[in-house]
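Data first, discussion second: the structure below is written as structure tokens.
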Amino acid sequence: MSTTAELLKGAAELFPGEVVTSAHVRHFDLPLGVGRFALITLDNGHDHTKPTTLGPQSLANIDAAIDQVEKEAADGDIVGVGVTGKPFIFAVGADLKGVELLKRHEDALAIGKGGHDVLKRLANLAVPSFAYYNGAAMGGGVEIGLHCTYRTVSAALPAFSLPEVFLGLVPGWGGCTLLPNLIGAEKAVSVIIENSLNQNKQLKGAQVYELGIADAIFEGADFLEQSLIWTASVLKGEIAVERPAIDRGEAWDQAVAKGRFVADGKVHGAAPAAYRALDIIAAAKNGDLQQGFDAEDQALADLIMGGELRSGIYAFNLVQKRGKRPAGAPDKSLARPVTKVGVVGAGLMASQLALLFLRRLEVPVVLTDIDQERVDKGVGYVHAEIDKLLAKGRVNQDKANRLKALVSGVLDKAEGFADADFVIEAVFEEMGVKQKVFAEVEAVAPAHAILATNTSSLSVSEMASKLKHPERVVGFHFFNPVAILPLLEIVRGEQTDEASLATAFGVAKKLKKTAVLVKDAPAFVVNRILTRFMGEIQNVIDEGTPVEVAEKAVEPLGLPMSPLVLLELVGPAIGLHVSETLNRSFPERFTVSPNLKAVVEAGKRGFYVYDSGKPELDPEVAALLKQGDSVLSEEQVRDRVLDAVAQEIGLMLDEGVVAEAQDIDLCLITGAGWPFHLGGITPYLDREGVSERVNGKRFLEPGVASVPA
């Protein structure tokens with residue numbers, strides 16, 4: 001048994017739940033009389049929707065397949081070797097279920113080394129090797145192809161990425177070393193760092209080809225056949241693959257520097273993965289591949305044993321699994337069909353909702369408002385957005401026409417909602433206004449229609465309390481921008497019945513939103529936590545800490561934006577309104593900042609001006625601020641903010657606002673864009689000892705989002 005085989009056999013014992021990928025070898029004669037060819041197909045079963053992953057046993061199977069073709073190549077029995085995947089899927093990388101179970105650094109090191117030892121054999125065959133990216137390729141799947149001599153890609157390929165940095169790893173089976181040596185440092189940094197930190201942005205087949213990762217691109221319908229014809233032409237010498245020279249001078253260093261700038265802007269040094277990847281890319285400038293592979297092994301092992309990766313995998317699983325099977329959701333068989341949607345309001349938020357319902361449900365959507373001008377503006381917004389989709393090729397002309405025909409606006413609710421199955425309001429955030437709207441809708445909508453509210457902080461139960469049928473009222477809280485943020489907080493009122501709730505969850509699924517069941521509690525989940533978080537920042541500023549110190553204090557969390565920039569995005573008036581709502585419910589913990597109130601009353605849109613190209617405290621805001629003389633350090637501010645958040649989450653769990661801490665994290669990831677390396681927030685609070693300091697216990701069991709004991 002070879003050293004690699006022994007290594008993989010030992011590692012396989014650590015991955016008891018691995019979905020094993022097979023590597024079948026078949027042979028046939030290439031066109032043009034070129035000769036006999038071996039094709040390795042990666043497959044993990046008959047279910048073509050199940051991703052092909054790579055654990056130790058899968059790598060061992062690939063290793064055994066390479067043993068076979070290596071001997072055939074050495075004996076002159078074949079002229080080349082190809083690697084492809086099952087229909088629609090090439091391979092999507094390492095088996096993360098096993099990685100999160102590893103307890104020892106040496107075991108993690110073995111995974112990295114084992115992957116390198118297998119895949120680099122593709123580059124060392126006596127004949128050329130070809131990767132045929134026929135479908136989704138991510139992580140280790142992409143790296144299989146990078147070790148080959150040539151690559152083709154399907155024009156229909158939907159997703160291609162090296163997402164490791166997003167999760168807290170580095171592309172550690174050759175990606176950091178081979179990709180910059182193939183397409184140059186600038187493009188490699190874009191794929192490995194920028195795309196990963198941009199919410200794991202995926203490439204399409206055409207982009208893979210344009211970047212130079214693939215040498216040829218073919219249509220999906222006959223992709224493999226065309227790839228083999230192209231392969232024959234390459235082997236016969238009729239096609240010469242030419243790649244541009246790599247700039248190993250100052251441009252390489254500038255690309256790495258740009259990558260560090262991007263990483264600083266996204267994670268502020270809080271997560272190590274991007275920086276480890278950039279170190280390897282920087283060293284790859286000398287073209288020493290083995291040195292790069294060794295560095296990848298060490299980086300993988302270190303990061304696998306770190307808290308950021310465990311949090312990243314935890315967050316990934318929340319989004320991919322819990323987000324698709326919401327905790328506490330009712331029996332879906334109770335859901336009623338929705339064939340028409342009504343939207344009360346025609347402002348920006350209401351118009352965004354109308355567009356979303358229209359695109360996802362493709363049913364008639366009707367908007368109402370208090371005057372024709374507002375109604376026309378709302379419908380016009382939806383039409384303009386459909387035109388943008390048409391211009392981008394996202395819809396064709398027929399579909400654009402059909403969607404436009406489905407949206408309308410009326411002043412009379414009776415005319416618009418008489419046959420609606422689902423009516424959602426997005427009007428002014430004031431209880432009396434919303435109660436009046438619901439009373440008007442209940443009077444004209446069918447008895448079975450769901451009445452949904454997009455309130456961000458008001459009580460759904462109180463909103464429904466004056467209706468004849470409060471059981472059909474449900475909270476349906478979206479996050480702005482509606483088209484981008486996946487979270488939908490579904491709020492069960494005190495009298496909401498199971499059928500209404502099931503219908504709400506059914507609609508959420510069709511809208512492709514991540515639905516989380518939430519108790520009817522003040523500000524629900526995201527707004528309550530963010531208000532407590534930002535409230536403490538505002539408190540320390542009010543007490544005397546300089547604005548820049550308070551802002552910088554939370555940079556180590558690596559949040560997508562600073563608290564006061566977030567406040568500007570939300571709108572100071574909305575922030576003030578939510579803090580006032582929570583102050584009425586929990587005056588001992590939620591304050592109303594007099595400085596924030598002064599900023600709102602002065603009509604300021606935020607604390608900053610951007611005249612210099614970066615945020616600087618607005619002199620007019622500075623003149624409004626009235627501060628005490630208590631000045632805290634960054635560390636003191638950070639401790640105070642984190643203690644407040646940990647306390648609030650503990651109280652929310654005690655109150656049953658959500659089922660578990662996992663739902664808190666899922667909400668923050670999908671509704672507020674909090675990073676995967678935090679795991680939302682509770683893994684970070686556990687890791688930093690804040691949970692036990694404040695609540696006397698961890699939020700998550702040891703081994704969940706952390707190294708198993």
Side-chain angles (χ1 to χ4, degrees), residues 49 318-344 349-350 352-367 403 406-407 416-426 438 441-442 445-455 460-461 463-464 467 469-479 482-520 524-526 658-659 662-663 666-667 670-671:
T49 65
L318 286 181
V319 172
Q320 295 298 318
K321 296 178 182 177
R322 194 179 186 92
K324 295 175 180 177
R325 292 188 290 275
D331 184 349
K332 62 183 180 182
S333 68
L334 298 173
R336 294 188 286 262
V338 173
T339 60
K340 183 177 180 180
V341 173
V343 181
V344 184
M349 188 66 176
Q352 289 184 69
L353 295 180
L355 177 67
L356 179 67
F357 279 93
L358 182 67
R359 289 194 64 202
R360 298 298 186 212
L361 273 60
E362 296 190 22
V363 299
V365 175
V366 58
L367 298 94
L403 290 175
L406 285 171
V407 64
F417 300 157
D419 55 349
D421 306 302
F422 192 101
V423 180
I424 184 167
E425 68 77 22
F438 270 157
V441 172
E442 185 182 45
H448 69 272
I450 303 301
L451 307 185
T453 171
N454 186 44
T455 182
V460 174
S461 301
M463 209 176 294
L467 298 180
H469 296 285
E471 70 277 2
R472 57 176 173 160
V473 177
V474 62
F476 219 59
H477 181 215
F478 291 88
F479 290 79
V482 171
I484 296 174
L485 290 176
L487 180 63
L488 180 54
E489 292 178 341
I490 296 185
V491 186
R492 183 203 291 266
E494 290 176 3
Q495 298 189 62
T496 306
D497 64 22
E498 291 293 293
S500 299
L501 203 61
T503 304
F505 272 96
V507 170
K509 185 174 183 179
K510 290 180 180 178
L511 294 176
K512 299 184 179 179
K513 291 295 182 182
T514 299
V516 175
L517 179 61
V518 179
K519 180 182 176 182
D520 186 16
F524 315 126
V525 177
V526 173
V658 290
Q662 285 89 336
D663 292 314
L666 182 59
C667 285
T670 57

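Owing to the predicted nature of the structure, the values given are computational and were not obtained by experimental measurement.
Proximity of L406 to V365: side-chain heavy atoms (C-beta onward) are nowhere separated by under 4.5 Å. The shortest distance between side-chain heavy atoms of V423 and I450 does not fall below 4.5 Å. Between T670 and F479, every side-chain heavy-atom pair lies at or beyond the 4.5 Å cut-off.
Across all their heavy atoms, L487 and V526 have their closest contact at CD2-CG2, 3.6 Å. The shortest heavy-atom contact between A420 and A449 is O-CB, 3.4 Å. Pairing each heavy atom of A426 with each of L353, the nearest pair is CB-CD1, 4.1 Å. Listed here is the closest heavy atom pair of V338 and V363: O-CG1, 3.9 Å. L367 and A350 make their closest contact through CD2-O, 4.3 Å (heavy atoms, listed as atom of the first residue, atom of the second, distance). Summarising the geometry of G328 relative to R492, their closest heavy-atom pair is O-NH2, 4.5 Å, with the distance given to 0.1 Å.
In this structure, the side chain of Q352 engages the main chain of V482 through a donor-acceptor pair within 3.5 Å. Distance alone, capped at 3.5 Å, places no donor-acceptor pair between the T453 side chain and the V473 backbone. With E498 contributing its side chain and D331 its backbone, the two residues share no donor-acceptor pair below 3.5 Å. A donor-acceptor contact shorter than 3.5 Å is absent between the side chain of K340 and the backbone of A418. Remark: side-chain polar atoms of S461 are not paired, donor with acceptor, to backbone N or O of G493 under 3.5 angstrom. Of the possible polar contacts, one joining the R336 side chain to the H448 backbone as a donor-acceptor pair under 3.5 Å is found. In terms of modelled atom types and a separation under 3.5 Å, the side chain of K512 and the main chain of P486 share no donor-acceptor contact. Between the R322 side chain and the A327 main chain, no donor and acceptor come within less than 3.5 Å of each other.
The CZ atom of F438 lies 15.0 Å from the NE2 atom of H469; values are rounded to the nearest 0.5 Å. Atoms OG1 and CG, on T496 and L501 in that order, are 6.5 Å from each other to the nearest 0.5 Å. Rounding to the nearest 0.5 Å places OG1 of T514 at 9.0 Å from CD of Q320. We find the CZ-NZ distance between R360 and K513 to be 8.0 Å, quoted to the nearest 0.5 Å. Summarising the geometry, atom SG belonging to C667 is positioned 10.0 Å from atom CG belonging to L318; distances are rounded to the nearest 0.5 Å. Here the CG atom belonging to D497 is positioned 10.0 Å from the CZ atom belonging to R472, to the nearest 0.5 angstrom.
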Should L451 and L467 be marked as a side-chain contact (heavy atoms from CB on, under 4.5 Å) after you check the CA-CA gap, both sets of side-chain angles, and the distance that decides it?
-> CA-CA 11 Å; L451 307 185; L467 298 180; 4.1 Å; yes
Decide yes or no on side-chain contact (heavy atoms from CB on, under 4.5 Å) for L488 and V516, but give the supporting numbers first.
-> CA-CA 6 Å; L488 180 54; V516 175; over 6 Å; no
Full working for side-chain contact (heavy atoms from CB on, under 4.5 Å) between H477 and N454 = CA-CA 4 Å; H477 181 215; N454 186 44; 3.9 Å; yes
From CA spacing to verdict: side-chain contact (heavy atoms from CB on, under 4.5 Å), V474, V460 | CA-CA 7 Å; V474 62; V460 174; 5.9 Å; no
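By the ring-ring contact (aromatic ring centres under 6.0 Å, His included) test, F417 is found to be paired with no residue, residues two or more places apart in sequence or in another chain being considered. Not a single ring-ring contact (aromatic ring centres under 6.0 Å, His included) links F505 to another residue, sequence neighbours left out.
Remark: E489 does not engage K519 in a salt bridge, criterion side-chain N to carboxylate O under 4.0 Å.
In this structure, F476 and F478 have perpendicular ring planes: the angle between them is above 60°, well past the 30° mark.
Checked options V341, L361, L511; the residue passing with L356 is L511 (criterion: side chain to side chain contact (heavy atoms under 4.5 Å, CB included)).
The number of heavy-atom neighbours closer than 6.0 Å to CD of E494, taken from other residues, nucleotides and ligands shown, is 12 or below.
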